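Reading through the structure tokens given below for one structure.
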Number of protein chains: 2
Amino acid sequence: MATTRASSGRVRRRPTRSGVVLEPEMIIDAALRLIEAPGGNALTVRRLGVELGADPSAIYRYFRDLDALLIAIADRLISETLAGFEPGPDWKAALREMGRGVHDSMLRHPRLAQLRAIRFTAGPNELRADDIGIGLLLSAGFSAPDAVRHFRDFIDAVLSLAAMDAAELAPGQEEADKEALARAYATLSPEDYPNLAAVRDHLPQITASPFPGVLEKLISALALAAPGPSAP
Amino acid sequence: MATTRASSGRVRRRPTRSGVVLEPEMIIDAALRLIEAPGGNALTVRRLGVELGADPSAIYRYFRDLDALLIAIADRLISETLAGFEPGPDWKAALREMGRGVHDSMLRHPRLAQLRAIRFTAGPNELRADDIGIGLLLSAGFSAPDAVRHFRDFIDAVLSLAAMDAAELAPGQEEADKEALARAYATLSPEDYPNLAAVRDHLPQITASPFPGVLEKLISALALAAPGPSAP
DNA sequence: ACGCTTAGGTCAATGCGTTGACATAAGGAG
DNA sequence: CTCCTTATGTCAACGCATTGACCTAAGCGT
């Protein structure tokens, strides 16, 4: 048999002190295992080292820093989100479905949400998502520049709001905020805040996520701007 | 003379090793000085200790953690943003102005942006902003529950997008992303990504901020939903 | 078979936020 | 004036991400 170097790009792997031979995929797997561990957010570089049976710093031979590792994980998740997404004939419905899919996927891994909203993974899965979305807007009758611009607006709003929702899921800090908010609303003075006082009965609903409302607003604005079949 | 304890809630302040007597306001001032320092992002608890002439851990006698300190700073900034904001008769224009004001203010202090988007400061300035915004939607003819819901959607979308824009301002990581994006767009295959290929000429514009576009979409969706003067 | 180069594992150290134990002076009570 | 309580400053330590120096064996050319 030939040496095992055939397909792999990396060679010269040396076994760690505990005998394991590292590979990028193996690191991503271990990291995902820690991220999804019971306590949640159990991923640290040091623990990853233990999980892999290697010195923590060995990870930096494969990923520039923790961000790069998280991005690699994120691209996997995008592909999972995309799998099974089949846009129908109604571009508005398809866009809505896409938005919800992204939102759900990001809530499933809050630790990665912030990164996914901000950074470009440059992976094929992200391009695939962009291609589908822009295709939808083109099918709605938008010109090429308008489709690009509007899709960018849409997807960035969806991503950033999803990241916001994900952040509120995180530790226990948010609970304290909710209490502070309830207290503030209970004691607000009608002289200082006449409008808040006027709608006081409806303020508690603020604990719900703004995501669905914003999603509908975006789609309705796009429908309004679209040169649809009924337009001149 | 009487002792100095008169107005202040805190008593028993002991001078630090270097003779300074700490106060919460003083800590906020020092922190803002570091945040706005040349290099940017120069704020660390340890440096704050040096700046104040105290042990870093002394700060934790005044703020539960760094987050709490940042929130205290954020409430100051909200008040600055609000100062000089005078809503005119046109609710759409006023909302637009408010959105831009928030966006600008958050870009001015990227370090605080993420926190301002997610956390509730419970300060009077935040309530003031909410009061004004909801007042605008009430004046547009929305019912109380609709005004609350729509304002929540609006302000959260503005906050989260502003945080996203602010994050892209941060270190040098983003530049690498832009390059990766440009490369990806230059080499994309028309077979795999037909729609992206079709709009290829317009993709470079993606580097612009999506904020203005989203702001207009939100306002136009609200205008559509509003039971305005011309509605039944 | 032998030596060279070097990828990649390991170690030690940096600065970070945060915390618990400890020390001490401020200020009230008598 | 003296004593006691306790707010608040200080110190040492934790685990964190990251990095530079090192060391060693994998796999090449000969």
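This structure is a prediction, so every number in the text was calculated from the model and none was measured. Chain A is the first sequence line, chain B the second, and so forth, proteins listed ahead of strands; every chain is numbered from 1.
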In short, Leu22(B) meets Ala58(B) closest at the heavy-atom pair CD1-CB, 4.0 Å
Among the nucleotides dC16(C), dG17(C), dT8(D), whichever has the atom closest to the side chain of Arg13(B) is dT8(D)
Among the nucleotides dT18(C), dT10(C), dT18(D), whichever has the atom closest to the side chain of Asp55(A) is dT10(C)
Rounding to 0.5 Å, atoms CG (Asp65(A)) and CG (Leu70(A)) come to a distance of 9.0 Å
Of the candidates dG9(C), dT18(C), dT10(C), the side chain of Tyr62(A) sits closest to dG9(C)
With a non-hydrogen cut-off below 4.0 angstrom, is Thr16(B) in contact with a base, only sugar-phosphate, or nothing?
-> sugar-phosphate
* Contact class for Ala54(B) vs. all strands (heavy atom < 4.0 Å): base, sugar-phosphate, or nothing? -> sugar-phosphate
Side-chain touch Asp156(A)/Val214(B), heavy atoms, less than 4.5 angstrom = no
Side-chain contact check for Ala58(A): nearest option of dG9(C), dG9(D), dC11(D) is dG9(C)
To the nearest angstrom, the CG-C1' distance between Leu22(B) and dT10(D) comes to 12 Å
At under 4.0 Å between heavy atoms, what does Thr44(A) touch on the DNA or RNA strands: base, sugar-phosphate, or nothing? sugar-phosphate
4.5 Å side-chain heavy-atom contact, Asp153(A) and Leu218(A):
no
Here the distance between atom P of dT18(C) and atom CZ of Phe63(B), to the nearest Å, is 13 Å
Taking dT18(C), dG9(D), dT10(C) as options, the one with an atom nearest any side-chain atom of Arg17(A) is dT10(C)
Arg61(B) atom CZ is separated from dA26(C) atom P, nearest whole Å, by 16 Å
Original post:
Hey, are Arg76(B) and Asp29(B) close enough for a salt bridge, meaning a charged N less than 4.0 Å from a carboxylate O?
Top reply: yes
Asp65(A) atom CG is separated from dG20(D) atom P, nearest whole Å, by 13 Å
Taken to the nearest whole Å, CG/Leu70(A) to P/dC16(D) is 15 Å
Rounded to whole Å, CG of Leu48(A) lies from P of dG9(C) at a distance of 13 Å
From CD1 of Ile59(B) across to P of dC16(C) the rounded distance in Å is 12 Å
Rounded to whole Å, the CD-P distance (Glu23(B) to dT8(D)) equals 11 Å
Nearest-nucleotide check on DNA chain C, Arg14(B) vs Arg46(B); residue mapping nearer the 5' end is Arg46(B)
